[in-house]
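Per chain, numbering begins at 1; letters A, B, ... match sequence-line order. None of these values were measured; they are calculated from a predicted model.
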Amino acid sequence: MEDEVKLKPKVTLKRKGDTAEVATFNKMIVTLNWTLQDVGNGELGPDFDLMAYYKKKDGGEGGICSSGYNQNVEDMGHLDKFPWMELNQDTKPEGDSKAGDSADEEMKIAKLDDFKEVYICVINYDDAIDGKPATFGNYSGFVSVVTDSESGDNNFEVPLDSMDQGHVAVVCKIDNSTGRPRLINENRVMSLGKFAKEVPGSKLILE
Amino acid sequence: MAELKKKVTLKRKSETVTAAPVPVKKKNKLLIPLIIIGLLAIVIGGYFLLKPSSTETMVAVDGSDQQATTQVSNNNPESSVQVSEQGAANDQTTVAAGTIEISSEETEAQPIANQANKVQETKDNQQKESNPSLVLPYQKGKSYKVYQFPFGVADYSQPNPELDKLVSVLKQNPSVKISISAFTDNVGDADYNQALSEQRAKAINDYLVRNGIDTSRLSYSGKGISTTYPSKAENRRAEFVLSN
């Protein structure tokens with residue numbers, strides 16, 4: 001965290017459906033971490049993209065994702081105005097990265113007031129665009145959710161360990177339908193078609 | 001009868017735009033403009049502080065006792081040199097910035113015009129030495145990536161701050177020459193990628209030329225497949241090195 005916030009013991013939502021209450025916060029940082037591997041032809045991968053999609057309380061849908069899909073920087077969101085969430089830049093492994101190195105992407109969320117639910121998703125971009133079979137469970141991946149809350153738990157982790165095949169993983173959901181946000185382990189891995197059907201706002205990256 | 005659903009496909013990313021960093025800390029949003037304004041103030045202030053208001057030179061003509069006074073006014077963008085010769089007060093030589101137009105008899109005025117050129121050169125050199133905007137932000141021998149191409153694309157198609165910065169630097173430093181190299185990822189055969197990389201290098205070269213950079217200062221070549229970076233997108237790039 002940028003400001004000095006003492007993180008409390010980490011709460012790991014190990015299984016699908018595990019839920020934790022998210023105490024009031026001023027800033028939330030969601031980080032996707034994974035380990036790079038040799039994915040053939042001497043290349044490192046996978047190229048995971050962290051994304052968030054939401055359904056608003058008024059029924060509206062949307063999301064934030066890499067600006068590369070639509071060549072629109074606005075797609076990465078804003079922290080100081082709607083959608084109150086902002087994606088860090090699309091991370092690429094550095095030129096001197098090697099297999100076993102860790103990679104991460106990060107987003108920040110300032111508030112959830114407008115949203116009924118927020119889906120934290122990951123896409124395996126290279127395999128999706130190439131139409132190759134893909135899984136998410138082989139890369140020691142996890143999503144950490146950290147807030148600056150001092151009144152409740154502020155340090156969560158959701159493993160990205162599903163071995164199901166698919167190009168998109170809905171890792172976790174923040175359910176704010178009651179006004180008291182809860183973080184839920186989703187770990188649903190799906191095809192692009194299912195992603196389009198089941199995740200609100202997903203058309204942002206689909207044709 | 002069952003109807004096939006429309007196939008859902010993923011939009012293809014172009015990483016070019018993603019290079020634009022998203023400000024995270026509010027203070028950074030103010031800090032960067034303040035730094036830019038500060039640097040601009042230093043550049044402009046330094047330029048006007050060190051710029052001589054006028055230069056006056058006594059020039060001997062033909063080694064005789066005739067003298068001419070060469071006065072270069074820097075207050076006007078079109079610097080003029082007015083030459084008056086003792087005993088030939090009606091002759092006047094006018095020198096415009098960069099070019100010399102001699103309104104008096106050329107044979108007599110030539111040495112003075114040459115001297116005026118020297119004065120202009122000295123002024124230019126002083127300006128180059130004193131103007132911090134002419135300090136190169138690039139190091140010799142180092143490659144700078146200026147553009148990433150979308151998959152299979154050879155044209156320069158999207159705005160890119162690094163490329164615009166390069167144009168600006170080249171305009172401020174007219175003596176600088178660069179060598180452009182372009183690459184492809186490793187999808188497809190070598191011949192195709194070699195040709196694609198050459199088209200990419202030419203596209204960047206052409207963009208610079210369109211933006212006012214003389215072709216004599218540019219060279220370009222396609223380097224074919226690159227696996228320098230782990231990501232295909234990063235390998236689909238153009239970069240440059242200072243070549244002088």
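A distance of 5.5 Å separates CG in B/Leu10 from CG in A/Leu192, rounded to the nearest 0.5 Å. A distance of 8.0 Å separates SG in A/Cys65 from NZ in B/Lys11, rounded to the nearest 0.5 Å.
Residues satisfying the salt bridge (Lys or Arg N to Asp or Glu O under 4.0 Å) criterion with A/Asp175, sequence neighbours excluded, are A/Arg182. Contacts of A/Asp161 classified as side-chain contact (heavy atoms from CB on, under 4.5 Å), with partners at least two apart in sequence or in another chain: A/Pro159, A/Asn187.
Shown here is A/Lys173, whose NZ atom has more than 12 heavy atoms of other residues, nucleotides or ligands within 6.0 Å. Remark: B/Lys202 NZ is loosely packed, at most 12 non-hydrogen atoms of other residues, nucleotides or ligands lying under 6.0 Å away. Atom NZ of A/Lys8 has more than 12 neighbouring heavy atoms from other residues, nucleotides or ligands inside a 6.0 Å radius.
Looking at A/Asp75, there are no atoms closer than 4.5 Å to chain B (heavy atoms on both sides), in backbone or side chain. In this structure, chain B has a heavy atom under 4.5 Å from the backbone of A/Leu204, while its side chain stays farther away.
Residue with the most contacts toward chain B among A/Val39, A/Ile205, A/Asn70: A/Ile205 (heavy-atom pairs, distance under 4.5 Å).
Between B/Arg12 and A/Ile129 there is a side-chain heavy-atom pair separated by less than 4.5 Å.
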